Amino acid sequence: MVVHPSILILRPTRLFFLKPSLSLLNRTLSINPQRFSVRCNSSITTESLNSDTNETGRSGSRSAPPAAGTQQKIDVNPPRGTRDFPPDEMRLRTWLFNNFREVSRMYGFEEVDFPVLESEALYIRKAGEEIRDQLYCFEDRGNRRVALRPELTPSLARLVIQKGKSLSLPVKWFAVGQCWRYERMTRGRRREHYQWNMDIIGVADIFAEAELISSVVTFFKQIGITASDVGFKISSRKVLQEVLNCYSISEALFGKVCIIIDKMGKIPIEEIKKELALVQLPGEAIEELLQVLSMKCLTELEEKLGAAGEAVSDLKQLFSLADKYGFSEWIQFDASVVRGLAYYTGIVFEGFDREGKLRAICGGGRYDQLLSTFGGDDIPACGFGFGDAVIVELLKEKGILPEISPHVENIVCSLDRDLQGVAAAIATRLRGRGQSVDLVLENKPLKWVFKRAKRVNAARLVFVGADEWQKGMVGVKNLSTGEQYEINVDELE
Ligand code: HAM
C-alpha cells in the first residue's frame with residue numbers, strides 16, 4: 001500500500017505519542033526518520049497536548065512561509081509552550097537567576113555557557129530516552145543535523161573534553177541557560193525553559209553530591225522555602241545495578257532498564273513489567289527489582305543487598321554527610337528514584353514538593369561515564385538541573401512569590417521645552433556618578449511626571465525651571481518623604 005506522506009501529517013498528534021509504530025511506518029514508507037520527525041514536529045496540532053493548561057500561544061505556521069513583500073496579519077502570541085518576558089516577568093526572572101548565581105558563587109562555582117544550538121549527535125543515546133523524542137532538531141543550510149539543546153549536561157561534557165588537560169580538576173561550573181523540549185505541557189512543564197545547573201567534574205567521592213544538595217538547600221532557604229515545603233528523594237543507580245548483577249544481566253541493558261523504571265508512577269505497573277520483559281529481563285529479576293525499588297528505608301535495603309556493596313555504602317555516607325551539613329531533614333531515601341536520563345551511574349536525586357501537586361523541581365546525580373560515550377577519557381562527575389518553571393509555581397502555591405517593583409533613583413525633567421538640553425546634561429551628570437536616571441524626553445506637565453515617577457518607583461524628582469535655572473539652580477523633591485528644595489546644580493549628587 002502506498003500512502004502519501006501528507007496523509008500522515010494530517011494526524012500528527014497521534015504519531016507523537018505512538019513512537020514504536022512510527023519506526024514501522026517509516027520503514028514501510030521508506031521515509032528518512034530524521035527528516036520525518038522534523039516535518040512531524042512542525043505540523044503537530046498542539047491543542048490536545050495543552051488541555052490541562054490555560055496558556056496562550058500559537059501553534060505555529062503549518063503552511064509555507066508567506067511570499068516576500070506580502071502583508072499578513074501576524075498572531076501576536078509567542079509559539080505555544082514558549083514565553084515572552086515583559087518587564088514584570090523579566091524582573092521576576094532576574095530575581096530568580098540572581099539567586100541562582102549568588103548561591104553558585106557562595107559555593108565557589110564559576111559560570112559557563114554553551115550554544116543553544118548544538119550538534120544533534122550530542123543527544124542521541126542508545127537507551128530510548130524521552131528526551132530524544134522531544135528534540136527540536138533539523139538540518140541546517142549546510143546539511144548538518146543540529147538540535148536546540150534540551151539540557152546542558154552534554155554541552156558541558158563536550159567542553160570538558162575539548163579543554164582536556166588544560167583544565168585543573170576539580171572543575172566546579174554553573175550555568176543558567178535556555179533549554180528546548182517538545183514536551184507534553186503540564187503545570188511547570190513547557191517547550192522552553194531555563195535551567196540552573198551546577199556540576200562538579202573530577203571528584204569521585206560522595207562529598208561532591210553532598211555539596212551539590214547543600215547548595216540547592218541553601219537556595220531554597222534563601223527564597224523562603226523550608227524543609228516542610230520541599231524534600232529530596234535520594235537513591236543510587238548502583239541499587240539497580242546490584243540487583244541486575246545477581247541475575248548476570250549485561251551492562252548494556254542497564255541504561256534501558258533505568259529508563260523503563262523511571263516511568264514508574266507515570267504508566268501502569270503492568271506496562272512497566274511488559275517493557276522490562278521486552279528487553280529480556282527474566283520474570284524473577286523483574287519481581288525482585290520491583291520489590292527493591294519499593295523500599296523507602298535504607299536499613300531495609302542494607303538487609304537486602306548487604307552492607308559491603310557500593311550502593312548501600314554510598315547512600316549511608318551521603319546521609320551521614322547530610323547530618324554534618326545540617327540538611328538531614330530535607331532528604332529521604334527512596335529506591336524508586338532512578339531518573340530518566342541514561343547517563344547516570346551512581347547517586348541520583350530529585351527535589352519534590354511535599355504536597356505532591358507539582359512535577360519534579362530539580363534533579364541530578366552522578367554520571368561518571370558520560371565523557372567516554374563522546375570519545376573522551378572518563379572523569380568522575382555529578383551535577384543537577386533546576387528549572388525556572390516549577391519553582392515559580394511553588395512560590396505561588398505558598399503565596400510567597402515576591403512582588404518586584406521597578407526602581408529608578410532619579411526622574412529628571414525640564415519644565416520648559418528650551419531647557420530639555422539642560423535636563424539631559426543633568427541626567428548625564430547623575431549617570432556619571434553611577435546613578436540611574438529616567439529622563440523625561442518630551443515636554444510634559446508636572447502632573448504627568450509625578451504619575452510616571454510613581455509608576456517607575458523613582459526615589460527623587462529633579463526638575464529644571466526657567467527661573468531657577470537663571471540662578472544655576474534646580475528643584476529636587478524626595479518622593480518618599482515629600483521634602484522639596486532648590487540646589488545649585490554643581491552640588492547635585
Ligand atoms: P532533568 O531532570 O531532565 O535533568 O531536568 C532538570 C530540571 O529541569 C527538572 O527537574 C525541571 O526543573 C526542569 N525541566 C526539565 N524539563 C522541563 C520542561 N519541559 N519545562 C520546564 N522545566 C523543565 C537534566 O536536564 C540533567 N541534565 C540535569 C543534570 C545536570 N544532571 C547532571 N547535571
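Just so you know, these numbers come straight off a predicted model, no measurement behind them. Note that ligands are numbered from 1 as they come in the structure, with each ligand's atoms numbered from 1 the same way.
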statement: Among non-hydrogen protein atoms, atom 16 (N) of ligand 1 lies closest to Arg181 NH1, 3.2 Å
message: If I take atom CZ from residue Arg149 and atom OH from residue Tyr136, how far apart are they, to the nearest 0.5 angstrom?
response: 15.0 Å
- prompt: Tell me: protein heavy atom nearest atom 33 (N) of ligand 1, and distance?
  reply: Asp199 OD2, 2.8 Å
- prompt: Any idea which atoms of ligand 1 are less than 4.0 Å away from a heavy-atom of Thr153?
  reply: 26 (C), 27 (N), 29 (C), 30 (C), 31 (N), 32 (C), 33 (N)
- prompt: Does Leu341, backbone or side chain, put an N or O under 3.5 Å from an N or O of ligand 1?
  reply: no
query: Quick check: does Ala389 get an N/O under 3.5 Å from an N/O on ligand 1?
result: no
- request: Check whether any heavy atom of Arg339 sits under 4.0 Å from an atom of ligand 1.
  value: yes
message: Show me which atoms of ligand 1 lie under 4.0 Å from any heavy atom of Asn197.
response: 30 (C)
field: Per atom 32 (C) of ligand 1, closest listed option by heavy atom (Pro150, Gly383, Ala360)
entry: Gly383
query: With the threshold set at 4.0 Å, does a side-chain nitrogen-carboxylate oxygen contact exist between Arg125 and Asp133?
result: no
statement: ligand 1 atoms nearer than 4.0 angstrom to some heavy atom of Ile361 are 10 (O), 12 (O)
- prompt: Is Glu397 salt-bridged to Lys357, cutoff N-O under 4.0 Å?
  reply: yes
field: Pairing of Glu118 and Arg158 as salt bridge, 4.0 angstrom limit
entry: yes
Geometric class of the Phe349/Phe232 ring pair [parallel <30°, tilted 30-60°, perpendicular >60°]: perpendicular
query: Got the closest protein heavy atom to atom 9 (C) of ligand 1, with its distance?
result: Arg189 NH2, 4.0 Å
task: Could you check atom 7 (C) of ligand 1 against the protein and tell me its nearest heavy-atom contact, residue, atom and distance included?
output: Gly385 O, 3.5 Å
- line: When distances are taken from atom 14 (N) of ligand 1, the protein heavy atom at minimum range is His193 NE2, 3.3 Å
task: Could you tell me whether Lys172 and Glu110 have a side-chain N and a carboxylate O separated by less than 4.0 Å?
output: no
message: Phe386 and ring pair (Phe, Tyr, Trp, His ring centres under 6.0 Å): which single residue from Trp196, Tyr194, Phe97, Phe174 fits?
response: Trp196
- request: Just need the protein heavy atom nearest to atom 21 (C) of ligand 1, so name the residue and atom and give the distance.
  value: Gly188 O, 3.2 Å
- request: For the pair Glu111 and Arg105, find out whether any cationic side-chain nitrogen is under 4.0 Å from an anionic carboxylate oxygen.
  value: yes
- request: Determine, for Glu393 against Lys396, whether the closest basic-nitrogen to carboxylate-oxygen distance falls under 4.0 angstrom.
  value: yes
query: Taking 4.0 angstrom as the limit, do Asp314 and Lys238 come out as a salt bridge?
result: yes
Under 3.5 Å side-chain donor-acceptor pair for Glu151 and Tyr123: no
query: Quick one: does Phe352 get within less than 4.0 Å of ligand 1, heavy atoms only?
result: no
- prompt: So is there a nitrogen or oxygen of Tyr367 less than 3.5 Å from a nitrogen or oxygen in ligand 1?
  reply: no
- line: The atoms of ligand 1 lying under 4.0 Å from a heavy atom of Cys362, numbered in the order shown, are 10 (O)
query: Can you tell me which residue and heavy atom of the protein come closest to atom 31 (N) of ligand 1, and the distance to 0.1 Å?
result: Tyr344 OH, 2.6 Å
- request: For Glu183, take its heavy atoms, then give the atoms of ligand 1 lying under 4.0 Å from any of them.
  value: 16 (N), 18 (C), 19 (N)
- request: Measure up the Tyr344 and Tyr367 rings against each other and bin them: parallel (under 30°), tilted (30 to 60°), perpendicular (over 60°).
  value: perpendicular
statement: When distances are taken from atom 20 (N) of ligand 1, the protein heavy atom at minimum range is Arg190 N, 3.0 Å
- request: Identify, by atom number and element, the atoms of ligand 1 in contact range of Gly363, meaning under 4.0 Å from any of its heavy atoms.
  value: 10 (O), 28 (C)
- request: Closest by any non-hydrogen atom to atom 5 (O) of ligand 1: pick that one out of Glu151, Gln195, Glu350.
  value: Gln195
query: At a 4.0 Å threshold, what atoms of ligand 1 neighbour a non-hydrogen atom of Tyr343?
result: 26 (C), 27 (N)
Axial cation check for Phe352 ring with Lys233, 6.0 Å and 45° limits: yes
